[in-house]
2 protein chains.
Amino acid sequence: MNSTHTRVRKAAVRLFAAKGYHGVGIRELAEAAKLSSASLYHYMGTKEELLADIMWDCLERLLSAAMLATTDVQDPQEKLGRLAALHAIAHAAQAKETAVVDNELRALSPKLRRRIIKQRDAYEGLWAEALDEGQQAGVFLPDEHGITRRALLEMCSGVARWYSPRGPLTLRELGSRYATLTLRAAGAGPNPPEPDMERCRTIVRYTWGTKV
Amino acid sequence: MNSTHTRVRKAAVRLFAAKGYHGVGIRELAEAAKLSSASLYHYMGTKEELLADIMWDCLERLLSAAMLATTDVQDPQEKLGRLAALHAIAHAAQAKETAVVDNELRALSPKLRRRIIKQRDAYEGLWAEALDEGQQAGVFLPDEHGITRRALLEMCSGVARWYSPRGPLTLRELGSRYATLTLRAAGAGPNPPEPDMERCRTIVRYTWGTKV
DNA sequence: GAAAGCCTATCGATCGATCGATCGTGAAGC
DNA sequence: GCTTCACGATCGATCGATCGATAGGCTTTC
């Protein structure tokens, strides 16, 4: 698709990711979308609502992928491994969108921010669940105060800050490596089992339409 | 000290961290520093130079602390553990400064940005060194393409995004926990030795004047 | 002829930055 | 001891540019 709507959306994602919400003016956004600044307003509410829409869609997909990957999975190692792999792959393949989600929350007014945070919390709840189950089962070491969860999420989100598709690393390798790092840090030992990357591949293709 | 200079500096750090460089106007900055916007310019060059100064100082201290902590340390586990603990503690105790360093690089013009990045690279070099030595010695598992280094740095930097001094965690516990997570992820096994936290404590006090 | 898409022109507000003027203070000159 | 003067600190006023957003009109499409 190359409709005007998607052109606006893609330009916004690219510019917000590169320069930050406040660092991009609507004239610059309009130019990138090949429109006049006035015409932009046929395709968005306010600039802020455009930002919130981008964040919402990104989190919606992330949440959907994570639920697909974890429902009916009993083994906590498999569960957490899949979450980490998917999270890392998403933050590499959709680096701009996820960077916007991670960095621009503060640019939203309280009302919109609450809405986005609620969704983010739902997603992080899946991680907490997997970690909890693993600790109950004794395959992960204890995590007081959720430090491990926060540390691991930050680690996996950081991918968006350095990954380059021109680098030597495929998305699949990346996901697998991050699953390993995550499980190790959670206390699963130095050589944890690789999660079902074939299943992750299917989910990624279904959710983002990206080849893995 | 409560000189006008430090008032300006502190207000800038607080506001840049909370709203981002482009989200803060000089009038708002002036108000927070209890000055007129014109008077600000007696205490800074441009707004951008103020930002670069903040970043430079923050990285300078981080680099200095890391060098103090690693010179003459042979054991790679001890070395990496100290780096992780110090990094995490710095990102908790100086969360605003470090958040500015991590998030606002893109707001700098190429010239100033290069200067800051050069310094950041020097710091990350210490991490690469510790990881390399550990892999050579066989106590860490291989890290192709520096993934582990990047992942660990992002994990430890993430502290600035969630740590609250009102939480149940002391800086010392935090540093110790992050050292553990880091060494585990590097492949040192599920129960790596704690680094010399007493030494870290001394360095933190010397570098930032913070109690630990 | 209604609707959708897109434009030019423009709004009031705010941006970063600079101007010249004023104020207080402490050293220099006599 | 008094005056003068230089200087750092601070201010209100204002610069030109840009901000996000809107009004109203011209095309194209169905």
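Chain A is the first sequence line, chain B the second, and so forth, proteins listed ahead of strands; every chain is numbered from 1.
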With salt bridge (Lys or Arg N to Asp or Glu O under 4.0 Å) as the criterion, how do B:K19 and B:E28 come out once you've worked through the C-alpha distance, each side chain's angles and the decisive distance to 0.1 Å? CA-CA 11 Å; B:K19 317 176 75 167; B:E28 186 179 5; 2.7 Å; yes
Answer yes or no: are there more than 12 heavy-atom neighbours, outside B:E31 itself, under 6.0 Å from its atom CD? no
Would you call A:D102-A:R161 a salt bridge at under 4.0 Å N-O? no
Can you tell me the distance, in whole Å, between the CG atom of A:L51 and the P atom of D:dA21? 12 Å
Below 3.5 Å between N/O atoms, which protein atoms pair up with nucleotides 24-26 of chain D? Just atom names and distances, please.
none

Ring geometry between A:Y123 and A:H87 (parallel below 30°, tilted from 30 to 60°, perpendicular above 60°): parallel
Geometric cation-pi criterion, B:R149 with B:W127: 6.0 Å, 45°: no
Atom CZ of A:R106: over 12 foreign heavy atoms under 6.0 Å: yes
Residues B:R199, B:E78: salt bridge by 4.0 Å N-O rule: no
With a 4.0 Å cut-off, would you call B:R177 and B:E173 a salt bridge? no
Provide the start and end nucleotides, 5' to 3', of the part of DNA chain C that has atoms under 4.0 Å from heavy atoms of chain A. C:dG5 to C:dT8
Contact class for B:S37 (heavy atom, under 4.0 Å): base, sugar-phosphate, or nothing? base
